[in-house]
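Below is one structure, written out as structure tokens; comments come after it.
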Amino acid sequence: MKSNRLLEQARERLASHADGCMENIHSAGCDAQALKLAAVLIPLLEADDGWHLLFIRRAENGNDCHSGQVAFPGGCVEPSDVDLKSTALREAFEEIGVTSQDVDVLGQLPQLISTTSYRIAPFVGVIPWPYRLCLAADEVARAFTIPLDWLSDSANYEICEHALPERKVPVIRYRVYDGELLWGATARITISLLQTLAVIGGVEQQRVAIR
């Protein structure tokens, strides 16, 4: 019953935070027509020790600017997708084998614009756990979970500078967890979710660039 109440609260808070775009220094003045539309699923699950988020590490691919990075399952919109939620659910099935019937979509976070010119729509969905994942080997090297308690501890992340070709930009970077580095756009989405769910308070209010 406690879990059900928490999920209903999460559904309500997400409904009130879905509009707009996450504030970052790349939002202003960007050419909206040039942005590539994408969507990700943020898989939320309840394990024996509490709530976790499920992440993936992308497979190494020299033609992909996100190669080898920690991410949420997701990708670009395709013509067959009915809407952005359909994109997120399709990508989750293709990349990690989670079927749309097994996802309880709680809602959507504000979209964000990345420094790689993507406009990303993040959808939060609860999945049953344990779950038999089926990873697409050409796209996903590994799937793993991180506890919300650990993610919400401000001692586990920091703002640091990341060098782009033209300039340096601030990004959120977490401490390494289970050999994996969570940073950039995925870390910003994670912080946005934690703030929306009121899991953490007083998180940095400065405008954070997203990669």
Side-chain angles (χ1 to χ4, degrees), residues 7-45 53-59 61 64-67 69-128 131 133-136 138-140 143 172 182 184-197 208-211:
L7 293 182
E8 288 310 310
Q9 290 175 355
R11 210 182 299 272
E12 292 174 4
R13 289 169 180 163
L14 287 165
S16 64
H17 286 76
D19 295 333
C21 185
M22 292 185 200
E23 186 177 354
N24 65 80
I25 63 175
H26 306 288
S27 301
C30 65
D31 182 1
Q33 299 300 318
L35 296 174
K36 292 164 280 189
L37 292 179
V40 299
L41 179 68
I42 307 171
L44 181 64
L45 60 94
L53 294 184
L54 177 70
F55 297 87
I56 63 171
R57 175 164 38 85
R58 299 209 167 277
N61 182 343
D64 182 2
C65 63
H66 304 114
S67 172
Q69 293 184 7
V70 170
F72 291 115
C76 290
V77 173
E78 294 188 356
S80 59
D81 294 333
V82 176
D83 51 26
L84 289 168
K85 182 171 74 173
S86 299
T87 301
L89 293 173
R90 174 183 55 76
E91 288 283 347
F93 175 69
E94 292 176 357
E95 293 186 345
I96 61 176
V98 175
T99 65
S100 60
Q101 295 89 339
D102 290 332
V103 182
D104 178 11
V105 178
L106 300 179
Q108 179 184 352
L109 290 170
Q111 297 181 11
L112 65 88
I113 297 172
S114 74
T115 63
T116 49
S117 299
Y118 283 89
R119 186 180 184 96
I120 306 169
F123 291 85
V124 184
V126 178
I127 63 172
Y131 194 94
L133 300 176
C134 182
L135 307 185
D138 59 335
E139 296 188 72
V140 180
I172 297 174
L182 169 59
T186 304
R188 183 66 185 88
I189 293 172
T190 299
I191 292 293
S192 177
L193 173 63
L194 296 173
Q195 290 176 312
T196 301
L197 300 183
V208 178
I210 314 277
R211 182 176 188 270

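- Across all non-hydrogen atoms, the minimal contact from A187 to I172 is CB-O, 3.7 Å.
- Contact check for L109 versus I42: side-chain heavy atoms found under the 4.5 Å cut-off.
- The shortest side-chain heavy-atom distance between F55 and T190 falls under the 4.5 Å cut-off.
- E95 has its side chain within reach of R58: a pair of non-hydrogen atoms, C-beta onward, lies under 4.5 Å apart.
- Side chains of D104 and L106 form a contact here, defined as non-hydrogen atoms less than 4.5 Å apart.
- With T87 as reference, D81 is the one residue of L41, D81, V40 to meet the side chain to side chain contact (heavy atoms under 4.5 Å, CB included) rule.
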### Candidate pair I120 and L112, rule side-chain contact (heavy atoms from CB on, under 4.5 Å), full reasoning
CA-CA 5 Å; I120 306 169; L112 65 88; 3.8 Å; yes
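- In this structure the side chain of Q69 never reaches within 4.5 angstrom of the side chain of T186, judged on heavy atoms.
- Between L197 and V124 there is no side-chain heavy-atom pair separated by less than 4.5 Å.
- With contacts defined as side-chain heavy-atom distances shorter than 4.5 Å, the pair F123/L14 does not qualify.
- Within the structure, ring pair (Phe, Tyr, Trp, His ring centres under 6.0 Å) pairs that include any residue of residues 91-116 do not occur (at least two apart or interchain).
- A distance of 7.5 Å separates NZ in K36 from OG in S114, rounded to the nearest 0.5 Å.
- Shown here for P122 and P110, the closest heavy-atom pair between the two residues is CD-O, 3.5 Å.
- Atom OG1 of T196 and atom CD1 of I191 lie 11.0 Å apart (nearest 0.5 Å).
- Here the straight-line distance linking atom OH of Y118 with atom CG of L35 works out to 11.0 Å at 0.5 Å rounding.
- The structure places OG1 of T99 at 4.5 Å from CD of Q101, a figure rounded to the nearest 0.5 Å.
- What you find for P73 and A92 is that their closest heavy atoms are CB-CA, 4.0 Å.
- Between K85 and V105, the shortest heavy-atom distance links the atoms CD-CG1, 3.9 Å.
- Side-chain contact check for L44 versus L53: some heavy-atom pair is nearer than 4.5 Å.
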